[in-house]
Amino acid sequence: MTTLMVVDGDRGERPSEAASRRLRGELGQRQISVSEVARRLGMKQPALSRRMTGAVPFDLDLLGEICQATGISFAYVTSGIRETPSPEGPDGGASAPSRARTYDLRIKSP
């Protein structure tokens, strides 16, 4: 099985800024607000917002808790590398019709 690697390239930002950006993007895709994340973690929303905007660097433990609480990949947020499984099959997922599908094409003689 082949896996594709998606890499969020270097944009000249500090690692904590890149992690904040990736985390914001992932939360946006999942439509999870910063307020909701703060509620799940039992912390105040302004404290989390300062970290999300990059004003205060993330602590790795807190970043891990956020990722666990939201189902976001910690590895992707911290490194920018995400594995994307390729479709099954040697030709990218396309396959020949199964016997079950071709069976109904047979013509029975009288």
### Query
Can you tell me if Ser20 uses its side chain to pair, donor with acceptor, with the backbone of Arg51 under 3.5 Å?
yes

### Where at least one partner belongs to residues 23-33, residue pairs that pass salt bridge (charged side-chain N to carboxylate O under 4.0 Å, His left out), sequence neighbours excluded
Glu26-Arg30, Glu26-Arg82

### Task
Check step by step if side chain to side chain contact (heavy atoms under 4.5 Å, CB included) holds for Val37 and Met52.
CA-CA 11 Å; Val37 174; Met52 294 295 291; over 6 Å; no

### Query
Would a hydrophobic clustering, with Ile, Leu, Val, Met, Phe, Trp and Tyr connected at side-chain separations under 4.5 Å, put Val56 with Leu62?
no

### Task
With sequence neighbours left out, write down each residue that passes side-chain hydrogen bond (donor to acceptor under 3.5 Å, both in side chains) with Glu65, or none if nothing qualifies.
none

Distance in Å, [X] [atom1] paired with [Y] [atom2], rounded so as to fall on 0.5 Å steps:
X: Leu63; Y: Ser16; atom1: CG; atom2: OG; value: 10.0 Å
X: Tyr76; Y: Leu23; atom1: OH; atom2: CG; value: 10.5 Å
X: Leu60; Y: Phe74; atom1: CG; atom2: CZ; value: 5.0 Å

### Qualifying side chain to side chain donor-acceptor pair (under 3.5 Å) pairs, either residue in residues 32-46, two or more places apart
Glu36-Arg39, Glu36-Arg40, Gln45-Ser49

### Task
With the side chain counted from C-beta on, respond yes when Ile66 and Ile72 share a heavy-atom pair under 4.5 Å apart, and no when they do not.
no

## Note on the structure
Residue set satisfying side chain to side chain contact (heavy atoms under 4.5 Å, CB included) with Ala75, at least two apart, ordered chain then number -> Ser73

### Task
Would you name the heavy atoms of Ala47 and Met43 that are closest together and state the gap between them?
CB-CE, 4.1 Å

